[in-house]
Amino acid sequence: MRIAVIGAGGVGGYFGGQLAAAGNDVLFVARGRQLEALRTHGLTVASDERPVTLDTVDATDDIHAIQGADLVLIAVKLGETENIARRIAEAPGSTPPILSLQNGVQKDEVLRAHLPDAEILGGVCYISAAIESPGVIRHNGSLARIVLGSYGGKPSAAAVAMHRALDEAGVEAELSDDIESALWRKFVFLVGLSSVTTVARQPIGVLRAHVPTRQLLADVMTEAVAVAEARGVALPADYVEQQLAFVDTLPEQMSSSMHRDLTHGNPLELPWLGGGVVAMGADAGVPTPAGRALAAVLAPYVAGGATD
């Protein structure tokens, strides 16, 4: 497959690297020091499980170069989604199938506002990876999984082809006939993890060990489940309990990318995570007092810069 990967950070760099190493024609759309490193030194995925070294890769800062791709994989921060969608829409030729591996459940709504609905696939990824240095992606642990599918049920030909490419690249991948539910399953956990770790500025081991913060985590996830149900997405009745049990299996020092962004003074994805639940809850008439309070505390940091 010819696959254009927009965003060569942890997610795009890891999965794009695995796909390229397996022989796919992968184009990385990147910028800044990462683009310079890709062009000069290629791409390295530092991983205990699946290391990759590519001496040369195809990299550009021109998003119009995606023309002719069999699939476009989006792996940028959520705040960049609308701009990316507009630029893809301006590219010459027909729009290829789009698979976003970004966080959140509203990302594809943003894409649909500018791109053909039929070309938007649903995707969820599970991985801990980040740029260690320009051109080098550090993959932490062994988890690297993608769930993808088409909205409305049966996976499209593009979804099936991408699943095959991931499988042949050794990436754990699942084709789902209910991708919206899969998105919300990750979203509920992510909203709790990101909001509470960022407000508390502590890793999950500290939060789960204290009754008040453990309960806060449960409250935030419970509100997210209620919003999902109001939007017609059914989750198991004991889903929050399942996620709390999962929390107890995580490494003590695990935190969230939003917590790291706060620490480094970067913009936060809050409007599409915890803030997204609050907004969707307001639209659906579902109260979200815990999430609203956490979003209010984090509001001064959303644009980045301030860390104290």
Identify which one of Ile74, Leu111, Asn83 satisfies the side chain to side chain contact (heavy atoms under 4.5 Å, CB included) criterion when paired with Ile88. Ile74
Any side-chain heavy atom of Met280 sitting closer than 4.5 Å to one from Val105? yes
Would you mind listing every salt bridge (Lys or Arg N to Asp or Glu O under 4.0 Å) that reaches into residues 134-163, with sequence neighbours excluded? Glu132-Arg138, Arg145-Glu172, Arg145-Glu174
Do Val233 and Tyr151 sit in the same hydrophobic cluster, where Ile, Leu, Val, Met, Phe, Trp and Tyr count as joined when their side-chain heavy atoms come under 4.5 Å apart? yes
Should Ser100 and Asp108 count as side-chain neighbours, where that means a heavy-atom distance under 4.5 Å? yes
Under a plain distance cut-off of 3.5 Å, with no hydrogens placed, do Asn103 and Lys186 share a side-chain donor-acceptor pair? yes
Pairwise side-chain contact, Pro203 with Gln253, heavy-atom cut-off 4.5 Å (strictly under): yes
Please report the C-alpha distance between Leu244 and Met221 in whole Å, then the side-chain angles of each, then the deciding distance to 0.1 Å, and finally whether the side chain to side chain contact (heavy atoms under 4.5 Å, CB included) criterion is met. CA-CA 9 Å; Leu244 287 174; Met221 290 193 292; 3.9 Å; yes
For a 4.5 angstrom cut-off between non-hydrogen side-chain atoms, does Gln102 reach Val11? no
Please tell me if the side chains of Gln34 and Ile137 come closer than 4.5 Å, counting only heavy atoms from C-beta onward. yes
For the pair Thr249 (side chain) and Phe246 (backbone), establish whether a donor and an acceptor sit closer than 3.5 Å, ignoring hydrogens and angles. yes
Give the minimum heavy-atom separation between Ala159 and Pro155, together with the two atoms involved. CB-CB, 4.0 Å
So, applying side chain to side chain donor-acceptor pair (under 3.5 Å) with His259, which one of Ser255, Ser257, Ser256 is it? Ser255
How long is the gap from OH on Tyr14 to CG on Leu19, to the nearest 0.5 Å? 10.0 Å
If you measure from CD1 on Ile146 to OH on Tyr126, what distance do you get to the nearest 0.5 Å? 11.5 Å
Here the gap from Ser128 atom OG to Leu143 atom CG, rounded to the nearest 0.5 Å, amounts to 8.5 Å
Is the count of non-hydrogen atoms from other residues, nucleotides or ligands lying under 6.0 Å from Arg33 atom CZ greater than 12? no
Indicate, with yes or no, if Ile120 and Val160 share a hydrophobic cluster defined by side-chain heavy-atom contacts under 4.5 Å among Ile, Leu, Val, Met, Phe, Trp and Tyr. no
I'd like to know if Asp283 and Arg231 make a salt bridge, using a cut-off of under 4.0 Å between side-chain N and carboxylate O. no
Would you mind checking if Glu80 and Arg31 are paired as a salt bridge, meaning a charged N to carboxylate O distance below 4.0 Å? yes
Check whether any side-chain heavy atom of Tyr239 lies under 4.5 Å from a side-chain heavy atom of Arg185, and answer yes or no. yes
Between the main-chain N or O of Leu78 and the side-chain N or O of Thr81, is there a donor-acceptor pair closer than 3.5 Å? yes
Do the non-hydrogen side-chain atoms of Pro271 and Val302 ever get within less than 4.5 Å of each other? yes
Applying salt bridge (Lys or Arg N to Asp or Glu O under 4.0 Å) to Asp62 and Arg87, what does each step give before you reach the verdict? CA-CA 10 Å; Asp62 180 11; Arg87 292 171 65 194; 5.9 Å; no
Is Arg86 paired with Glu90 through a side-chain N to carboxylate O contact shorter than 4.0 Å? no
With side chain to side chain contact (heavy atoms under 4.5 Å, CB included) as the test, would you mind laying out the steps for Thr213 and Val206 before giving the verdict? CA-CA 9 Å; Thr213 47; Val206 174; over 6 Å; no
Heavy atoms only: give me the nearest Ser47-His139 pair and the separation to one decimal. OG-ND1, 2.8 Å
Compute whether any side-chain donor of one residue and acceptor of the other, for Gln202 and Thr197, lie under 3.5 angstrom apart. no
Side chain to side chain contact (heavy atoms under 4.5 Å, CB included) between Val196 and Arg208, intermediate numbers included: CA-CA 11 Å; Val196 181; Arg208 70 191 180 200; over 6 Å; no
Return yes when atom NE2 of His64 has more than 12 non-hydrogen atoms of other residues, nucleotides or ligands closer than 6.0 Å, and no otherwise. yes
Single-linkage hydrophobic cluster, 4.5 Å side-chain cutoff, Leu54 and Leu35 together: no
Would a 4.5 Å heavy-atom cut-off, applied to side chains only, mark Val220 and Val191 as touching? yes
Rounded to the nearest 0.5 Å, what separates atom CG in Leu207 from atom CD in Glu252? 11.5 Å
Spacing of OG belonging to Ser150 relative to CG belonging to Leu148, to within rounding of 0.5 Å: 8.0 Å
According to a hydrophobic-cluster definition based on side-chain heavy atoms being under 4.5 Å apart (Ile, Leu, Val, Met, Phe, Trp, Tyr only), do Leu43 and Val29 belong together? no
Work out which heavy atom in Val76 is nearest to a heavy atom in Ile6; give both atom names and the distance. CG1-O, 3.5 Å
Can you check side chain to side chain contact (heavy atoms under 4.5 Å, CB included) on Met162 and Ile3, steps first, answer last? CA-CA 9 Å; Met162 186 59 176; Ile3 302 165; 4.1 Å; yes
Nearest heavy-atom pair of Val5 and Val26: which atoms, and what distance? CG2-CG1, 3.8 Å
Closer than 3.5 angstrom, by distance alone: can the side chain of Asn24 be matched with the main-chain N or O of Met1 as a donor-acceptor pair? yes
Please tell me whether Ile84 and Phe28 are part of a single hydrophobic cluster in this structure, the criterion being side-chain heavy atoms less than 4.5 Å apart. no
Here the pair of heavy atoms bringing Val147 nearest to Ser176 is CG1-CB, 3.8 Å
With sequence neighbours excluded, residues passing side-chain hydrogen bond (donor to acceptor under 3.5 Å, both in side chains) with Ser194: none
Gln18 and Val45: which non-hydrogen atoms are nearest, and at how many Å? NE2-CG1, 4.3 Å
Knowing that exactly one of Asp219, Leu217, Thr222 qualifies, which makes a side chain to side chain contact (heavy atoms under 4.5 Å, CB included) with Val240? Thr222
For Glu49, give me all partners under salt bridge (charged side-chain N to carboxylate O under 4.0 Å, His left out), at least two apart in sequence or on another chain. none
Gly291 backbone acceptor or donor facing Glu223 side chain under 3.5 Å: yes
CZ/Arg2 to CG/Leu71 distance, rounded to the nearest 0.5 angstrom? 12.0 Å
Does the distance from a Lys or Arg side-chain N to an Asp or Glu carboxylate O, for Arg112 and Asp117, drop under 4.0 Å? yes
Would you kindly say whether Thr53 and Thr44 are connected by a side-chain donor-acceptor distance under 3.5 Å? no
